[in-house]
Amino acid sequence: KAKTDSRSDVCFYSRQLKQQIEHTGSLERDLRKALPNREFQLYYQPQVCSDEGDVIGLEALIRWHHPVRGMVSPGEFIPLAEKTGLILGIGDWVLEEACRQAASWRGQGLNIRMAVNISALQFNHTLVDKVRTALDVNQLPPDSLELEITESALVNDLSETRDTLVELKALGVQIALDDFGTGYSSLSYLKTFPLDRLKIDQSFVRDLTTNTESADIALAIINMAHSLNLKVIAEGVETQEQQKFLQGQTCEELQGYLFSKPLPPDEIVSVLMARNSGQ
Ligand code: C2E
Ligand code: MG
Ligand code: MG
Ligand code: MG
């Protein structure tokens with residue numbers, strides 16, 4: 001290859017890199033203002049009982065309404081928020097808002113569990129006081145709040161992690177391990193940490209019915225969870241075939257577009273009313 005070609009490649013890549021950095025830089029500037037400017041909103045996605053199809057929980061999922069870019073997905077800004085530490089303030093807001101909303105729905109007779117995603121950076125002793133306060137202020141039954149953590153939150157400092165988990169369990173909240181199966185940590189902690197639920201990652205659910213390896217992994221996760229007295233929820237359920245498979249394997253709960261995509265609060269209420277005939 002001629003030298004000039006590789007030179008122009010270098011120029012091309014450095015121009016791309018520059019644009020990338022400028023994009024990220026301005027996104028970071030905007031992200032700093034997003035909380036004071038009230039640009040965040042929580043959407044909610046149902047978690048249904050795999051037998052009756054009743055909604056028993058909602059997962060709060062953050063949305064950023066950027067004044068110029070429109071909706072920015074959490075996949076794009078949560079990693080940036082974690083890198084910059086902004087996730088701490090954002091995470092506090094998510095916890096408070098989800099609990100406030102849960103209490104408001106309870107006031108209307110909608111007694112469902114609320115699941116809140118907690119980033120690894122938030123997962124330390126100060127979280128315990130914040131959770132206690134959020135429960136008190138909103139008079140929520142502790143077991144109606146579930147914290148979704150990922151395996152990465154569990155591997156940082158094992159003794160502090162264990163203390164934090166034990167204190168959270170003492171408050172009475174539930175703990176789910178999110179994106180299970182994609183992490184890299186040892187399985188031995190599963191039996192010693194006080195967890196309530198495993199969430200099978202959507203990558204295994206996606207090709208459950210077309211790829212025997214994914215099906216085998218999903219089955220192994222369900223069986224292991226049950227033998228450790230943990231409940232299982234599958235995320236990313238999009239088809240009836242996936243639903244049938246998971247029901248047959250006694251996976252307790254399901255979540256995915258098959259039931260509902262995440263929706264803003266006013267729209268999710270009608271989904272709840274329609275699915276839960278008893279309420
Ligand atoms: P997650 O907690 O694993 O959430 C599940 C993601 O899968 C959500 O994406 C949801 O919209 C999407 N999803 C649900 N059902 C289906 C389905 O049937 N098919 C497909 N393809 N996708 C489905 P979302 O809302 O874009 O959030 C992405 C990730 O961002 C979340 O993954 C979570 O890790 C993070 N996140 C979202 N909200 C928060 C938050 O408030 N705090 C923190 N720390 N992280 C958050
Ligand atoms: Mg989650
Ligand atoms: Mg997940
Ligand atoms: Mg995920």
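Between H65 atom NE2 and F40 atom CZ the span is 10.5 Å, to the nearest 0.5 Å. The structure places CG of L230 at 8.0 Å from CG of D196, a figure rounded to the nearest 0.5 Å. With values rounded to the nearest 0.5 angstrom, D129 atom CG is found 8.0 Å from E167 atom CD. One distance of note links NZ of K231 with CD of E253; it measures 8.0 Å at 0.5 Å rounding. Interatomic distance, CG of L147 versus CD of Q122, reported as 9.5 Å (0.5 Å rounding). Note that the NE2 atom of H66 and the CG atom of L27 stand 6.0 Å from one another [nearest 0.5 Å].
Taking the side chain as every heavy atom from C-beta outward, Q45 and I268 never approach each other to under 4.5 Å. The side-chain heavy atoms of S144 and N111, taken from C-beta on, include no pair separated by under 4.5 Å. Under the 4.5 Å side-chain criterion, counting only non-hydrogen atoms from C-beta, F193 is in contact with R162. Put simply, the side chain of P265 reaches to within 4.5 Å of the side chain of W105, judged on heavy atoms. For the pair I62 and I90, the minimum side-chain heavy-atom distance is below 4.5 Å. Counting heavy atoms from C-beta outward, Q243 and L258 have side chains that approach closer than 4.5 Å. Looking at heavy atoms from C-beta onward, I175 lies out of side-chain contact with R197 at the 4.5 angstrom threshold. Side-chain contact between R32 and T84: present, with at least one pair of heavy atoms (C-beta onward) separated by less than 4.5 Å.
When all heavy atoms of V72 and F77 are compared, the closest pair comes out as O-CE2, 3.4 Å. Looking at every heavy atom in both residues, A134 comes nearest to L95 through CB-CG, 4.2 Å. The shortest heavy-atom contact between A34 and W64 is CB-NE1, 3.5 Å. Across A215 and F245, no two heavy atoms sit closer than the pair CB-CZ, 3.9 Å. Shortest non-hydrogen contact noted between S203 and D201 is OG-OD2, 2.7 Å. Annotation for T164 and H125: closest pair OG1-N, 3.7 Å, computed over non-hydrogen atoms.
The side-chain hydrogen bond (donor to acceptor under 3.5 Å, both in side chains) test with E252 singles out one residue from Q247, Q47, H226, and that residue is H226. Considering L177, L127, D178, L168 in turn, L177 is the only one that fulfils the side chain to side chain contact (heavy atoms under 4.5 Å, CB included) rule with I149.
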Checklist line | Worked verdict on F123 versus E160 for side-chain contact (heavy atoms from CB on, under 4.5 Å) | finding: CA-CA 9 Å; F123 198 79; E160 190 186 5; over 6 Å; no
Note to self: K199 vs E59, test: salt bridge (Lys or Arg N to Asp or Glu O under 4.0 Å). Steps then yes/no.
What the structure shows: CA-CA 12 Å; K199 291 194 84 171; E59 178 176 5; 2.9 Å; yes
Item checked: Full working for salt bridge (Lys or Arg N to Asp or Glu O under 4.0 Å) between R275 and D54 -> CA-CA 6 Å; R275 291 200 74 95; D54 281 5; over 6 Å; no
Checklist line | Worked verdict on Y44 versus V55 for side-chain contact (heavy atoms from CB on, under 4.5 Å) | finding: CA-CA 12 Å; Y44 298 91; V55 179; over 6 Å; no
Item checked: Q255 vs V237, side-chain contact (heavy atoms from CB on, under 4.5 Å): CA-CA, chis, key distance, verdict -> CA-CA 6 Å; Q255 179 180 354; V237 180; over 6 Å; no
Note to self: With side-chain contact (heavy atoms from CB on, under 4.5 Å) as the criterion, how do D207 and T210 come out once you've worked through the C-alpha distance, each side chain's angles and the decisive distance to 0.1 Å?
What the structure shows: CA-CA 5 Å; D207 36 34; T210 53; 3.2 Å; yes
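Under a hydrophobic clustering in which Ile, Leu, Val, Met, Phe, Trp and Tyr are joined whenever their side-chain heavy atoms come within less than 4.5 Å, directly or via other members, L140 and V137 fall into different clusters. If you chain together hydrophobic residues whose side chains sit under 4.5 Å apart, I56 and L61 never meet in one group. Under the 4.5 Å side-chain heavy-atom criterion for grouping Ile, Leu, Val, Met, Phe, Trp and Tyr, M114 is not connected to I233 through any hydrophobic cluster. Hydrophobic clustering keeps L263 apart from Y257 (ILVMFWY residues linked when any side-chain heavy atoms are closer than 4.5 Å, directly or through intermediates). Under the 4.5 Å side-chain contact rule for hydrophobic residues, L219 and L190 share a cluster.
The number of heavy atoms from other shown groups lying within 6.0 Å of CD (Q240) does not exceed 12. Crowding of E213 atom CD: a count of heavy atoms from other residues, nucleotides or ligands under 6.0 Å not exceeding 12. Open room surrounds NZ on K191; 12 or fewer heavy atoms of other groups in view lie less than 6.0 Å from it.
In terms of modelled atom types and a separation under 3.5 Å, the side chain of N211 and the main chain of S214 share a donor-acceptor contact. Side chain of S50 to backbone of L254: no donor-acceptor contact under 3.5 angstrom is found. A distance-only check finds no donor-acceptor pair linking the side chain of S104 to the backbone of R100 [under 3.5 Å]. A donor-acceptor distance shorter than 3.5 angstrom exists from the side chain of Q242 to the backbone of T239, with no hydrogens or angles considered.
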